[in-house]
Amino acid sequence: KKVICYTDNQEVDCFVSLIESRGYVYDSGNDWYERIWSTNEGSETIREVYQQLENGTWKQLMIGYGENVFYEETVDGHK
């Protein structure tokens, strides 16, 4: 079965709606959704990113420590 989500009576992508509700914001320059975490009392930041690939799958990335990707995983964008 296909789940259909609506916001203000308009059909929306359920996964995008979920991550936006968790504080992720779309970054059009990078074509991904991100939220930023501060570590070590604010001296470092880490970007937690969700990016939809051309084939429709989603990747979750953690970027920090000199813009290095230190975590990457394919996630199910239908949950």
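Only heavy atoms go into these numbers, but all of them, side chains included; no hydrogens, no water, no symmetry mates.
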What side-chain donor-acceptor pairs closer than 3.5 Å can you find for residues 12-22, not counting sequence neighbours?
residue	atom	partner	partner atom	Å
Asp13	OD1	Phe15	N	2.8
Asp13	OD1	Val16	N	3.0
Ser21	OG	Leu18	O	2.6

In this structure, would Ile46 and Ile36 fall into the same cluster of hydrophobic residues linked by side-chain contacts under 4.5 Å? no
Among the clusters formed by ILVMFWY side chains lying less than 4.5 Å apart, do Tyr65 and Met62 turn up in the same one? yes
Are side-chain heavy atoms of Asp31 and Tyr26 found at a separation under 4.5 Å? yes
Can you find a heavy atom in the side chain of Tyr24 that is under 4.5 Å from one in the side chain of Glu48?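 When only atoms from C-beta onward are counted, Glu48 and Tyr24 do touch, with a gap below 4.5 Å.
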Indicate the atoms forming the closest heavy-atom contact of Leu61 with Trp32, along with that distance.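 Heavy-atom minimum between the residues: CD1-CZ3, 4.4 Å.
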Using distance alone, with no hydrogens and no angle criterion, decide if Gln52 and Tyr33 have a side-chain donor and acceptor under 3.5 Å apart.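 No pair is found: no donor N or O on one side chain lies under 3.5 Å from an acceptor on the other.
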Does Gln10 CD have over 12 foreign heavy atoms under 6.0 Å away? no
Are any side-chain N or O atoms of Asn55 and backbone N or O atoms of Thr57, one a donor and one an acceptor, separated by less than 3.5 Å? yes
Verify, without hydrogens or angle tests, whether Asn30 (side chain) and Asp27 (backbone) share a donor-acceptor contact under 3.5 angstrom.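 No; judged by distance alone, with no hydrogens or angles, the pair does not exist.
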Within this structure, what is the CD-OH distance for the pair Glu11 and Tyr6, rounded to the nearest 0.5 Å? 5.0 Å
